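Working notes for the structure below.
Excluded from the calculations below are hydrogen atoms, water molecules and symmetry mates; all remaining heavy atoms, backbone and side chain alike, are included. These numbers were taken from a predicted model, which means no experiment stands behind them. By convention in this document, chain letters (A, B, ...) are assigned in the order of the sequence lines, proteins followed by strands, and residues within each chain are numbered from 1.
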Amino acid sequence: MDTIIEKISNVLSQAFTLCGYDAKYAKVTLSNRPDLCEYQCNGAMAAAKVYKKAPLTIADEVVNQLKEDILFEQIESIKPGFINICVSPAYLTEFLNTMSVSKQFGYVPKVTNKTVIVDYGGANVAKPLHIGHLRSAVIGESIKRIQRYAGNTVIGDVHLGDWGLQMGLIIEELRDKNPNLSYFDESFLGEYPSEPPFTISELEQIYPVASKKSKEDETFMERAHKTTLELQGGNKAYAAIWKHIMNISKADLKKNYDELHVAFDLWKGESDSQPYIKDMLQQMIDNGLTYESQGAMVIDIQEESDKKELPPCIVQKSDGAALYATSDLATMVQRESDYHPDAYIYLADKRQELHFTQVFRVAKKAGIVKQNTDMTFLGFGTMNGKDGKPFKTRSGGVMRLEYLIKDIQDAVYDKVINNRDMSNEEALNIAKIVGLAALKYGDLSNQASKDYVFDIDRFISFEGNTGPYILYTIVRIKSILSKYQQEGNPILYNKVQAASSNIEKSLQLALARFLDMIDMAYMEKAPHKICQYIYEVSNIFNQFYHSTKILGEKDKEKKQGYIALICLTKDILLTCIDLLGFECPDKM
RNA sequence: GUGCAUGUAGCUCAGUGGACAGAGCGUUUGCCUCCGGAGCAAAAAGUCGUGGGUUCAACUCCCAUCAUGCACACCA
């Protein structure tokens with residue numbers, strides 16, 4: 001169905017056309033002066049110059065066409081040339097009742113039915129998830145859900161960093177630590193052990209040690225490079241170690257992502273793209289795209305419109321090894337053959353923007369993806385501490401994601417147990433749900449591309465623009481509805497009544513806006529728009545709640561109307577938090 | 001050096017070329033015989049970094065400038 005703004009725009013377009021003006025001037029927006037009207041159209045002022053008429057005259061003519069339209073309670077022209085609009089309560093009610101019985105509230109996106117790949121940009125195997133991985137997971141999960149809600153087929157790929165230099169580093173460190181392992185015995189010809197030579201916690205310690213060593217010890221670094229190359233070349237011993245690393249690491253990563261309620265359709269990694277590299281490079285060479293520069297094989301990506309010189313994209317290192325860009329491109333080859341996607345969305349730290357610019361351009365230049373494939377890089381900012389610098393633990397290290405989650409859940413638990421009378425087990429369960437909501441909402445309510453300040457006390461607060469406040473509002477509605485049902489009344493969905501107070505109409509207008517909002521969040525890939533919206537809806541609902549006796553209402557039809565209204569409020573809020581990737585408890 | 005991003009209330013953040021720039025936190029002050037007070041209402045608080053320009057109209061678009069952050073090929 002059309003959104004309410006589209007419906008009003010359509011009516012205005014007809015009026016503009018009828019008066020002899022281009023329909024493009026009939027654009028309607030939400031009013032920025034709610035004290036004057038609900039919706040507004042500023043087109044008369046824009047049209048004034050073209051038609052050489054006073055803006056107010058144009059506005060008057062248009063308004064005169066629409067005075068009697070049943071859509072409007074009031075439509076008037078004001079001062080310089082604004083057209084101010086209030087919709088009729090009866091129409092609004094009908095709109096909401098249609099929404100309440102329609103699938104997805106009647107949301108029909110303009111652009112849809114595409115296959116979209118969401119790439120979460122590589123947690124590294126053998127390294128614990130840290131807070132740097134939080135944003136990619138949280139934002140990506142929400143983007144994925146929004147895309148699906150809009151009818152797209154979405155394939156989310158965790159896309160592990162499982163093939164780069166860090167593997168060589170780990171293997172070499174393992175050799176130094178334990179040279180007697182059969183993997184390092186070149187004369188060994190038997191089967192390598194099926195049991196891994198390390199546990200997850202040992203594995204997690206190996207990488208930082210190796211990384212540090214590589215910076216101080218040049219020969220160690222050289223060995224790591226060589227080993228990486230040999231692993232990529234198919235060395236059996238290294239492949240056996242690699243497999244152990246993968247198995248252990250994946251299981252641990254999965255556990256952590258489950259905790260975050262983040263799920264992937266694919267657990268592919270850079271290694272999966274390896275078989276595609278050789279042919280891809282050959283084709284690039286055959287097409288004359290590549291040339292040699294300082295021993296490496298590169299492709300130019302400069303375009304005339306560029307303001308600055310962009311470095312060419314390296315597709316093969318001077319030592320013959322593949323690198324980041326190579327495997328990203330080869331991964332596209334694989335995805336094209338497996339899924340024929342129409343769009344790609346990559347999530348990564350915004351500092352990687354240049355890399356993705358290069359890769360995207362090469363992908364189109366080399367014909368790996370179709371020319372009209374929609375390539376999006378969703379770069380996100382850093383999570384900072386209260387001091388405005390990248391978030392660190394007290395000791396100055398990088399914080400592990402699982403500790404961060406635990407901290408926030410513990411903090412919520414303390415609040416719940418102090419404020420509510422409930423069992424320990426129940427409080428723990430609620431703390432889990434509410435804690436995750438606090439964390440995700442705290443992140444998603446900011447524009448993804450900006451840095452933001454992580455403040456645990458603010459995020460878990462039940463006041464203000466926070467996850468817990470939203471959940472509190474929903475729980476409150478749930479509580480009223482269950483009380484209503486306990487009195488033996490069924491909830492009827494499409495019984496919203498014409499508003500009998502300003503605040504009730506405000507709530508109705510806010511709910512009607514859902515369709516416009518969700519399309520905007522989808523088109524702009526902007527979860528924070530959903531946060532902003534549900535915060536507004538929650539505020540308005542709470543005002544309504546405080547000024548209106550719902551269950552105490554004597555008039556049965558009116559009461560039914562209130563119930564239908566708050567039920568729709570609840571359903572919309574629940575839909576929104578689901579799109580953000582968290583849930584709501586029954587009480588808290 | 002070049003390019004990109006950011007700069008809005010004390011703090012954290014919204015803001016679609018339109019009317020008087022909005023929230024929350026914090027501060028001050030009201031409201032519990034109330035369906036969840038973990039709430040609601042009210043007040044104070046702004047040269048929208050600075051200076052130009054385009055426009056009937058600029059926080060929004062353009063140019064310059066200052067500040068901060070980031071990136072600038074063989075890491076990912």
ask   = Sequence neighbours excluded, which residues qualify as salt bridge (Lys or Arg N to Asp or Glu O under 4.0 Å) partners of K213(A)?
value = E173(A), D176(A)
task = Please name all residues satisfying salt bridge (Lys or Arg N to Asp or Glu O under 4.0 Å) with R458(A), sequence neighbours left out, ordered by chain then number.
result = none
Contacts under 3.5 angstrom, residues 226-233 of chain A side chains, donor-acceptor by atom type, not counting sequence neighbours:
| residue | atom | partner | partner atom | Å |
| --- | --- | --- | --- | --- |
| K226(A) | NZ | E230(A) | OE2 | 3.3 |
| T227(A) | OG1 | E172(A) | OE2 | 2.5 |
| T227(A) | OG1 | R223(A) | O | 2.9 |
| T228(A) | OG1 | A224(A) | O | 2.6 |
| Q232(A) | NE2 | W163(A) | O | 2.9 |

task = Just call it for L310(A): base, sugar-phosphate, or nothing, with non-hydrogen atoms closer than 4.0 Å on any strand.
result = nothing
Watson-Crick or G-U wobble partner of rG39(B), both distances under 3.5 Å = rC31(B)
request  = Check whether the ring centres of Y562(A) and F544(A) lie less than 6.0 Å apart, and answer yes or no.
outcome  = yes
key: Proximal nucleotide (of rG18(B), rC35(B), rC40(B)) relative to the H546(A) side chain   = rC40(B)
note = Applying the 3.5 Å cut-off to both distances, the Watson-Crick or G-U partner of rU6(B) turns out to be rA67(B)
key: D349(A)/R351(A) salt bridge by N-O under 4.0 Å criterion   = yes
ask   = F82(A): what forms a ring pair (Phe, Tyr, Trp, His ring centres under 6.0 Å) with it, not counting sequence neighbours?
value = none
ask   = With sequence neighbours left out, what residues match Y51(A) under ring pair (Phe, Tyr, Trp, His ring centres under 6.0 Å)?
value = Y21(A)
Partner set under salt bridge (Lys or Arg N to Asp or Glu O under 4.0 Å) for R476(A), not counting sequence neighbours = none
query = Reading nucleotides 71-76 of chain B 5' to 3', which nucleotides get B (base under 4.0 Å from a protein heavy atom), which S (sugar-phosphate only), which -?
reply = SSBBSB
message = For rA44(B), give the paired nucleotide (Watson-Crick: N1-N3 plus N6-O4 or O6-N4; G-U: N1-O2 and O6-N3; both under 3.5 Å), or none.
response = none
task = Mind calculating the distance between CD (E353(A)) and C1' (rU6(B)) to the nearest angstrom?
result = 13 Å
key: Nearest-angstrom distance from the residue atom CZ of F356(A) to P of rG3(B)   = 24 Å
task = Under 4.0 Å between any heavy atoms, over every strand shown, what does Y545(A) touch: base, sugar-phosphate, or nothing? Just pick one.
result = base
inquiry  = Checking D157(A) now: which residues fulfil side chain to side chain contact (heavy atoms under 4.5 Å, CB included) with it, not counting sequence neighbours?
reply    = H159(A), L266(A), K268(A), R335(A)
query = Can you list the residues that meet the salt bridge (Lys or Arg N to Asp or Glu O under 4.0 Å) rule with K478(A), with sequence neighbours excluded?
reply = D586(A)
request  = With C1' as the reference atom in both, quote the distance from rA71(B) to rA57(B) in angstrom, rounded to an integer.
outcome  = 38 Å
query = So what does N32(A) touch, heavy atoms closer than 4.0 Å: a base, only the sugar-phosphate, or nothing?
reply = base
task = Hunt down the Watson-Crick or G-U wobble partner of rG24(B), both distances under 3.5 Å, from any strand shown, or write none.
result = rC11(B)
request  = Using the side-chain hydrogen bond (donor to acceptor under 3.5 Å, both in side chains) rule, take Q358(A) and Y324(A) through it: C-alpha gap first, then chi angles, then the decisive distance, then the call.
outcome  = CA-CA 11 Å; Q358(A) 291 181 315; Y324(A) 193 24; over 6 Å; no
query = Counting any heavy atom closer than 4.0 Å, what does T548(A) reach on the DNA or RNA strands: base, sugar-phosphate only, or nothing?
reply = base
message = Under 4.0 Å, counting only non-hydrogen atoms across every strand here, what does D306(A) touch: a base, just sugar-phosphate, or nothing?
response = nothing
Kindly give the atom pairs (protein nitrogen or oxygen, nucleotide nitrogen or oxygen) under 3.5 Å for nucleotides 55-66 of chain B.
| residue | atom | partner | partner atom | Å |
| --- | --- | --- | --- | --- |
| rC56(B) | OP1 | K49(A) | NZ | 2.4 |

Every protein N/O within reach of nucleotides 41-46 of chain B N/O, cut-off under 3.5 Å:
| residue | atom | partner | partner atom | Å |
| --- | --- | --- | --- | --- |
| rA41(B) | OP1 | Q543(A) | NE2 | 3.3 |

ask   = N84(A) near the nucleic acid: base, sugar-phosphate alone, or nothing, with a heavy-atom cut-off under 4.0 Å?
value = base
message = Restricting to non-hydrogen atoms, name the atom on K558(A) and the atom on Q497(A) that form the minimum distance, rounded to 0.1 Å.
response = CA-CG, 4.4 Å
ask   = Does the gap between the ring centers of Y346(A) and F356(A) come in under 6.0 Å?
value = yes
key: F459(A)/F454(A) aromatic ring centres below 6.0 Å   = yes
N/O contacts under 3.5 Å, protein versus nucleotides 12-17 of chain B?
| residue | atom | partner | partner atom | Å |
| --- | --- | --- | --- | --- |
| rU12(B) | O2' | R458(A) | NH1 | 3.2 |
| rU12(B) | O2' | R458(A) | NH2 | 2.5 |
| rC13(B) | OP1 | V453(A) | N | 2.9 |
| rA14(B) | OP1 | Q447(A) | N | 3.0 |
| rA14(B) | OP2 | K450(A) | NZ | 3.0 |
| rA14(B) | O2' | Q532(A) | OE1 | 2.9 |
| rA14(B) | O2' | Q532(A) | NE2 | 2.6 |
| rG15(B) | OP1 | H528(A) | NE2 | 3.1 |
| rG15(B) | OP2 | Q447(A) | NE2 | 2.5 |

